[in-house]
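My structure is below; once you've seen it, I'll send some questions.
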Amino acid sequence: MAALARSVLRYSARHEAAASDSFADHVVNGLGDDPKWLSAKYFYDAAGSDLFEQITQLPEYYPTRTELAILSENARAIAASIPLAAALVEFGAGSSRKARILLAAAPQIAAYVPVDISPELLAQEASRVRHDMPHVAVFPVAADFTRDFDLPAQIRNRPHVGFFPGSTIGNFEPEDATEFLRQAGRVLGSGATMIVGVDRIKDEAVLNAAYDDAAGVTARFNLNILRRMNRELGGDFDLAAFRHRAFYNAADHRIEMHLESLHAQTVHVAGRNFSFAKGETIHTENSYKYTIESFRALAETAGWRPVATWTDAHDYFAVHVLKQ
Ligand code: AVJ
């Protein structure tokens, strides 16, 4: 396959749906490829989710605290774009911390629909929101939000507001981000609103530090994928034989994370052998960055009309409101 076509497909949920569904198949495909790669979605086992939570509290990792501040400081204005008796549909909910800011500022939201692949996390967050916000009807949906899914029948007649915070959209190739927004538009239906958090292009030193922190938490997060392959797929990765690398690729507007082999070695995992040259890497993540204009253009390509953008004093992060 041509390198361009391969990179377009690389992080594509559609591609993964067609090629394989299991972690083992994914590893055989990705480590068998040249260059080697793995999808960032496999970072989030229990240990990886815990490490990501630690990342969000690092001094260098500005996105989480910046987005929370944008949402809090502009909550009333953002709430004004949410219709009466609306249902808030959160894509990849995880923790409901950000949604709660909107729910508190927009009492006209009658229903909250967190969509997440993990049923345990969903149930836990759903009962917390029900307890703290008894006026909101909560209908959790356990689904892969990158694929088509049905909204609960109970919200059919409500105006739909999608919510996709965290710059998770940055993990998609731009073509796949467009396809995701198009699909979200299909799921939410005509007349819907969408609120999306997107990390902005900024000074490279700020970007590089955010993904290569002094305490080494992001390094542990990246290396944890090796630990996960060892545990779940009978691998024999030596974590001391790889190092974390993260850098801003300005030409492609993205942070790239890699795991670099410190010497020539052969690793056994998922029933196969994979050879590494000294300095060879596994490409483990892309985190795309957008200007306000480049994200609005992408949203328009996907059939959405940008109506408002909220940002912070440092111009680090943006919260976009889109209408269909
Ligand atoms: C969860 C995809 C938004 O790209 O900033 C953080 C993941 N990777 N540090 C990001 C991540 C390394 C994060 N997202």
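Throughout, numbering of the chain's residues begins at 1 and tracks the sequence. Whatever order the structure lists ligands and atoms in, that order sets their numbers, starting from 1.
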Inset, instruction - Show the numbers, then the answer: is there a side chain to side chain contact (heavy atoms under 4.5 Å, CB included) between Y44 and F221? - result: CA-CA 9 Å; Y44 301 92; F221 174 74; 3.7 Å; yes
Legend entry - Atom indices of ligand 1, in the order listed, that fall short of 4.0 Å to a heavy atom of F221: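 So the atoms of ligand 1 that pass are 8 (N), 12 (C).
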Legend entry - Residue and atom name of the nearest protein heavy atom (relative to atom 13 (C) of ligand 1), distance in Å to one decimal: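 For this ligand atom, the closest protein heavy atom is Y61 OH, 3.4 Å.
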Inset, instruction - Starting at CD of E280, measure out to CG of L259 and round the result to the nearest 0.5 Å. - result: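 Those atoms lie 12.0 Å apart.
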Legend entry - Face-on cation placement of K36 at F276 ring, 6.0 Å and 45° thresholds: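 Geometry flag: set, cation within 6.0 Å and 45°.
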Legend entry - S167 to ligand 1, any heavy atom closer than 4.0 Å: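 Right, S167 reaches ligand 1.
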Inset, instruction - Report yes or no: does a heavy atom of G166 sit under 4.0 Å from some atom of ligand 1? - result: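 Within the 4.0 Å threshold, so yes.
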Inset, instruction - Starting from atom 2 (C) of ligand 1, find the nearest protein heavy-atom neighbour and note its residue, name and distance. - result: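 Minimum-distance protein heavy atom for atom 2 (C) of ligand 1 reads N171 OD1, 3.1 Å.
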Inset, instruction - Indicate, with yes or no, if the rings of Y42 and F23 have centres closer together than 6.0 Å. - result: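 Between F23 and Y42, which both carry aromatic rings, the centre distance is below 6.0 Å.
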Inset, instruction - Would you check if there is a donor-acceptor pair between the side chains of E60 and Y211 at a distance under 3.5 Å? - result: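 No, because no side-chain N or O of Y211 sits under 3.5 Å from a partner of the opposite role on E60.
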Inset, instruction - List the closest protein heavy-atom neighbour of atom 4 (O) of ligand 1: residue, atom name, distance to the nearest 0.1 Å. - result: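 I find the closest protein heavy atom is S287 OG, 2.7 Å.
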Legend entry - Residue part near ligand 1, for Y44, under 4.0 Å between non-hydrogen atoms: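 The part of Y44 near ligand 1 is the side chain, not the backbone.
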Inset, instruction - Classify the side-chain pair Y62/K202 by whether it contains a donor and acceptor separated by less than 3.5 Å. - result: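 Looking only at side-chain atoms, K202 and Y62 do form a donor-acceptor pair, the distance falling under 3.5 Å.
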Inset, instruction - Decide whether T66 and D312 meet the rule of one side-chain donor and one side-chain acceptor closer than 3.5 Å. - result: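 Checked: T66/D312 side chains show no N/O donor-acceptor pair below 3.5 Å.
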Inset, instruction - Consider ligand 1: state whether an atom of it lies below 4.0 angstrom from any non-hydrogen atom of F52. - result: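 F52 counts as a contact of ligand 1 under the 4.0 Å cut-off.
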Inset, instruction - Report yes if some N/O of T218 lies less than 3.5 Å from some N/O of ligand 1; otherwise report no. - result: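 No, no N or O pair falls under 3.5 Å.
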Legend entry - Close N or O approach (E285, ligand 1; < 3.5 Å):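 N/O-N/O distance below 3.5 Å exists for this pair.
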